[in-house]
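As the structure is a computational prediction, the values presented were derived from the model and not from experiment. Below, read A as the first sequence line, B as the second, and so on, with proteins coming before strands; counting in each chain starts at 1.
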Amino acid sequence: MVTDVDGVTDRLGSSGRARSGPRTESEPDTESGEAFGDPRSEATARAGHDGDGRQRPGSGSGVRIGRHGPSVAASARRPRVAVGGGRCCRSHHGENYNREVMPKPQVLTPQADDFPRWYQDVIAKAELADNGPVRGTMVIRPDGYAIWERMQAEVDQRIKAVGVRNAYFPLFIPESYLTREAEHVEGFSPELAVVTHGGGKELAEPVVVRPTSETVIGEYIAKWTQSYRDLPLLLNQWANVVRWELRPRLFLRSSEFLWQEGHTAHVSREDAAAFARRIHTEVYRDFMVDVLAMPVLLGAKTAAERFPGAIDTLTCEAMMGDGKALQMGTSHELGQNFAKAFDIRFLDESGSEQLAWTTSWGVSTRMVGGLIMTHGDDRGLRLPPVLAPVQVVVLLVRDGDGVGAAVDRLVDDLEAAGVRVVADTRAELSFGRRVTDWELKGVPVRIEVGPRDLAEGEVTLVRRDTASKEQVGLGGAVATAGKLLEAIQQDLLAEATERRDERTVDVSTVDEVAEAAATGFARIRWDAIGPGDEQRLATDGVTIRCLQRLDGSLPEGDEDELIAIAARSY
RNA sequence: CGGGCCGUAGCGCAGCUUGGUUAGCGUGCCUGCUUUGGGAGCAGGAGGUCGCGGGUUCGAAUCCCGCCGGCCCGACCA
């Protein structure tokens with residue numbers, strides 16, 4: 001099979017730039033249907049693994065390998081000198097012998113030095129993803145995919161809660177479908193991958209690899225829609241899509257990515273608009289705020305930024321750690337554009353034929369990038385507990401005197417309490433190394449179990465977000481962990497909200513917009529931006545991210561008194 | 001597609017200007033011992049068509065020509 005990514009521009013008669021490139025042989029690897037995880041199996045699925053992700057023989061949390069005599073001898077040899085004083089201290093002041101802030105080894109480029117470099121470092125060191133062999137493609141590694149699976153599970157549940165059902169449509173779309181909607185084809189043809197050969201022969205009609213599925217799904221919605229009783233028709237699919245990218249970045253912009261695309265048809269414009277808004281708020285915003293702990297701004301796109309073929313595009317915009325904006329999700333009112341192109345008609349109650357009104361909406365693996373850049377710090381990822389595939393890691397500091405058994409019991413108790421937990425008993429790695437690893441991976445709470453603590457019947461709990469430590473009795477560890485998880489979830493959201501608000505300024509002129517956008521978001525009255533200003537800002541790398549009402553709520557259609565949020569963006 | 005830069009061990013790099021032993025260094029990897037409460041130490045070891053092709057030369061990672069690939073900056077996008 002030969003994939004041709006350049007020729008289609010001409011064939012589709014688009015104004016897009018022409019590109020040259022070799023035709024590349026590629027194996028047919030049409031992987032259809034994304035498996036997604038059952039959230040309930042998450043904790044148990046991980047329980048038999050150590051921190052390396054390798055299955056230990058014997059499984060269960062109590063596996064012991066290669067730890068015996070020496071470490072016991074070592075701990076026995078070490079008398080309680082330091083601990084003796086510490087014990088006194090602790091009992092009187094509740095202090096911790098190792099509470100002082102530890103010198104942190106630099107494992108990542110600091111954010112302040114070079115934010116993009118930091119982002120790449122995190123992805124590499126936390127083992128989230130790699131570049132694929134074809135430029136712009138992405139290999140999502142198990143720890144990265146686990147994050148995506150958690151996102152899928154949470155979003156899927158919310159999508160279904162508003163009455164949408166999942167289906168699956170093909171990867172290949174007839175090229176002719178794309179051309180039926182003028183704006184749509186113009187918008188997408190520059191980034192299409194087109195298959196010209198199959199089965200060793202040139203195809204009579206080339207097929208495109210879906211960049212999005214409005215067209216195929218429209219064709220079938222038309223087929224399935226006869227009566228107003230068939231509407232609303234509410235569909236969603238989890239799939240991969242391909243948009244040939246010139247400047248790829250892992251998670252943020254790759255030539256192939258994973259997403260969810262919803263497609264619905266309604267009897268009236270009002271119904272369609274209301275549904276798009278409902279998805280936008282009840283699914284996307286709630287998920288992003290409650291699960292991702294990201295304070296997204298909701299708004300409408302300007303005509304220039306609208307989805308090709310839409311009459312209105314709603315967006316969720318987030319601010320990253322460097323002040324730049326990231327579009328986290330969009331919902332489109334497609335009006336009757338696709339209904340006309342694909343003949344989506346129905347008979348209404350009076351028996352007269354009507355054109356349907358459609359919507360589409362999606363969120364993608366880009367959210368993983370947004371999550372990294374929103375909460376990450378110089379030590380690595382910081383995952384919000386509600387999302388985190390692993391919420392608590394129980395770290396065996398050093399073996400001896402029943403430490404292993406205590407780790408096992410704690411893991412069992414946490415699991416029984418519904419916490420997603422793993423045990424790290426890798427005695428062959430130094431303590432510091434393992435701590436650093438778990439910090440890189442962003443696990444919200446770390447519980448350190450070692451002989452010294454245990455002699456006091458205690459363990460040490462450490463928050464990933466603040467690095468603060470506290471010691472609690474073994475019996476209280478589960479309850480404390482639960483409280484910490486809740487606190488971390490709230491605090492991450494609060495921290496991100498505070499940063500966004502600090503870096504958002506109200507301005508009144510276009511020049512001020514450009515200046516303010518250098519460090520964050522600029523808010524300006526939409527009517528203060530004249531024709532041509534939007535384009536002029538774009539030359540400085542600044543775009544209008546969205547339009548909101550003065551109170552920050554979502555506008556409906558064309559309203560006066562709107563505020564434009566302008567920023568640099570990813 | 002325009003402008004700048006780079007291809008040497010898995011990754012990051014030095015060596016090239018001024019051609020000449022067996023091509024080095026950091027990290028990672030393997031083995032052993034000692035370690036383990038904040039990226040452990042020591043010893044030993046494996047790993048290279050110096051991007052590809054041609055040319056100059058007694059001799060090329062190094063000089064010349066061509067090709068291929070990649071990165072960064074500008075015009076589009078979840």
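- Annotation: salt bridge (charged side-chain N to carboxylate O under 4.0 Å, His left out) contacts of A/D312 (sequence neighbours excluded): none.
- Note: CG (A/L537) to P (B/rG74) measures 16 Å, nearest angstrom.
- As a whole-Å value, the separation of A/R253 CZ from B/rA78 C1' is 10 Å.
- Under the side-chain hydrogen bond (donor to acceptor under 3.5 Å, both in side chains) criterion, the residue pairs touching residues 245-258 of chain A are A/N240-A/E256, with sequence neighbours excluded.
- For the residue pair A/Q237 and A/S213, a side-chain donor N or O sits within less than 3.5 Å of a side-chain acceptor on the partner.
- When heavy atoms are screened at a 4.0 angstrom cut-off, A/R446 is found touching base atoms of the nucleic acid.
- With both ends at atom P, the span from B/rG10 to B/rC50 equals 13 Å, rounded to whole Å.
- B/rU17 sits 32 Å from B/rG28 when the C1' atoms are compared, rounded to a whole Å.
- For the C1' atom pair drawn from B/rC30 and B/rG69, the interatomic distance equals 32 Å after rounding to whole Å.
- A stacked arrangement is not assigned to A/W259 and the six-membered base ring of B/rA78, the conditions of a centre distance below 5.5 Å and an interplanar angle below 30° not being jointly met.
- When rounded to the nearest whole Å, the span between CD of A/E305 and C1' of B/rC77 equals 9 Å.
- A straight line from CD of A/Q535 to C1' of B/rA75 spans 11 Å, rounded to a whole angstrom.
- At the heavy-atom level, A/S360 lies nowhere under 4.0 Å from the strands shown.
- With respect to A/D143 and A/R141, no salt bridge is recorded, no charged nitrogen being found less than 4.0 Å from a carboxylate O.
- Looking only at distances, no side-chain donor or acceptor of A/Y570 sits under 3.5 Å from a matching main-chain atom of A/G370.
- Between A/D286 and A/R158 no salt bridge is recorded (no basic side-chain N to carboxylate O distance below 4.0 Å).
- Among the atoms of the strands shown, none is found under 4.0 Å from any heavy atom of A/L326.
- With hydrogens and angles ignored, no donor-acceptor pair closer than 3.5 Å exists between the side chain of A/K469 and the base of B/rG37.
- Take A/R545 and apply the salt bridge (charged side-chain N to carboxylate O under 4.0 Å, His left out) test, not counting sequence neighbours, and it matches A/E317.
- Going from atom CG of A/N131 over to atom P of B/rG69 covers 17 Å, rounded to whole Å.
- Comparing the same atom, C1', in B/rC1 and in B/rC76 gives a spacing of 13 Å after rounding to whole Å.
- The NE2-P distance, from A/H280 to B/rA78, rounds to 13 Å in whole Å.
- Centroid-to-centroid, the aromatic rings of A/H263 and A/F169 stay 6.0 Å apart or farther.
- For the C1' atoms, the distance from B/rA23 to B/rA61 is 8 Å, rounded to whole Å.
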Collect all protein-nucleotide pairs involving nucleotides 40-49 of chain B in which both atoms are nitrogen or oxygen and the distance is under 3.5 Å.
{"from": "B/rA40", "atom 1": "OP1", "to": "A/S430", "atom 2": "OG", "distance (Å)": "2.9"}
{"from": "B/rA40", "atom 1": "OP2", "to": "A/S430", "atom 2": "OG", "distance (Å)": "2.1"}

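- Within the 4.0 angstrom heavy-atom criterion, no nucleotide atom of any strand lies near A/G362.
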Pairwise N/O distances under 3.5 Å, protein to nucleotides 70-72 of chain B:
{"from": "B/rC71", "atom 1": "OP1", "to": "A/R135", "atom 2": "NH1", "distance (Å)": "3.1"}
{"from": "B/rC71", "atom 1": "OP2", "to": "A/R135", "atom 2": "NH1", "distance (Å)": "2.1"}

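- Pairs of Watson-Crick or G-U wobble type, with distances under 3.5 Å, assemble into runs of 3 or more in RNA chain B at these ranges: B:1-7 with B:68-74, B:10-13 with B:24-27, B:29-34 with B:40-45, B:51-55 with B:63-67.
- Residues A/T212 and A/F188 are in side-chain contact: their nearest non-hydrogen atoms beyond the backbone lie under 4.5 Å apart.
- The same atom, P, is picked in B/rU56 and in B/rC25; the two are 35 Å apart, to the nearest Å.
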